[in-house]
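Data block below; observations after.
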2 protein chains.
Amino acid sequence: MAATLAFWYEFASTYSYPAAARIEAGANTAGVAVEWRPFLLGPIFAAQGWTDSPFNLYPVKGRYMWRDLERICAREGLPFRRPSRFPRNSLLAARVALIAAGEGWGAEFTRAVYRANFAEDRDIADADVIGGVLSALGRPAAPILARAGSPEIKQRLKAQNEEAVALGIFGAPSFTIAGELFWGNDRLDEAIAWARRAVAA
Amino acid sequence: MAATLAFWYEFASTYSYPAAARIEAGANTAGVAVEWRPFLLGPIFAAQGWTDSPFNLYPVKGRYMWRDLERICAREGLPFRRPSRFPRNSLLAARVALIAAGEGWGAEFTRAVYRANFAEDRDIADADVIGGVLSALGRPAAPILARAGSPEIKQRLKAQNEEAVALGIFGAPSFTIAGELFWGNDRLDEAIAWARRAVAA
């Protein structure tokens, strides 16, 4: 009986990129299952009075983040190119990721979208780009993109965001397990360890 | 020839408490020297338009931080009691810490003040509390407190803060080495490793 760590991520979130890249390997080793939970930070930031990423609102913090991310990617052997536009609108990608998670290919789709945004500087808000990602994964792009715009998926993403807020989530990546919240790529190992102890208990 | 890691801390900063507790042991093991650099976040936050700690301004983030800090202290075996007042005014403690750092007892004074604030819920803004900390360390409280109010020390703390801003520091704890900035208790090990490589290079 494996514990399940919920991985809450936002496709525009820079630190979610390295987290998405390594969560599966770390969780597998620990015997922990991962639940892929895309959500949107936009509405959560807006509720705090922010109309842009805090990394843009506070340029000193933003400068630090880009250098920090560059160091992290170098350390983890992840390709990285600073996107020419930040943050990119992640609504379509999040909706498709919801479909993907429901069908068991959430991990590979998610990693491919992060790569497109943060290693290839492609516009993930563009349906052609997401369609290209889907095709490269051997998924039928047109019907999936159509379903992403359906009331059902729109409603499910809304509900997912409401759940994030109810769990006290305010940033990405976040990890939740057994009433505990962990925020940040730098909390991933601790979150996995917590989940492993939750199984043992 | 040891590399020197500059440790930038603010006595009101919650995450600086575990960093101050463990930085010396980690740095010693790596053959890295530590420079104790107290500074004030108040003027830096004010320049961003914040008149209070972001953990108070954004209560959801604040709730998370207190639980996160509790988990970290439990893991590190550090005593912790949530202060009845947060943040506490750290001006006097920072001035005394500057004196202490100059005389080679910055580490022990700093750790004692963090313990007073975050384990004993004592008001570190109070000269009697800081005097008590000094006496417990076998230091003559009265002359040190008098010197802390001197124009020389006031000016040096101001200059230290200007240096922090010039280094791109926007939060605490921060660590600087060879043009690199690391922010957060969770970056301490990486900062030490960076400093160690700086020596080797």
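A quick note: this is a predicted structure, and the numbers were derived from the prediction, not measured. Each chain gets a letter, A, B and so on, in the order the sequences are listed, and its residues count up from 1.
Heavy atoms of B:I44 lying under 4.5 Å from chain A are absent altogether.
A donor-acceptor pair under 3.5 Å links the side-chain atoms of B:Y64 to the main chain of A:W183, judged by distance alone.
Atom CZ of A:F182 sits about 4.0 Å away from atom CZ of B:R71, to the nearest 0.5 Å. Atom CZ of residue A:R63 and atom CG of residue B:L181 lie 11.0 Å apart, to the nearest 0.5 angstrom.
In this structure, A:R187 and B:I72 approach most closely via the heavy-atom pair NH2-CD1, 3.9 Å.
Note on B:E190, B:K61, B:R75, B:Q48: by heavy-atom pairs under 4.5 Å with chain A, the leading option is B:K61.
Screening B:F170, B:W50, B:F45 for a ring-ring contact (aromatic ring centres under 6.0 Å, His included) with A:Y58, the sole residue that qualifies is B:W50.
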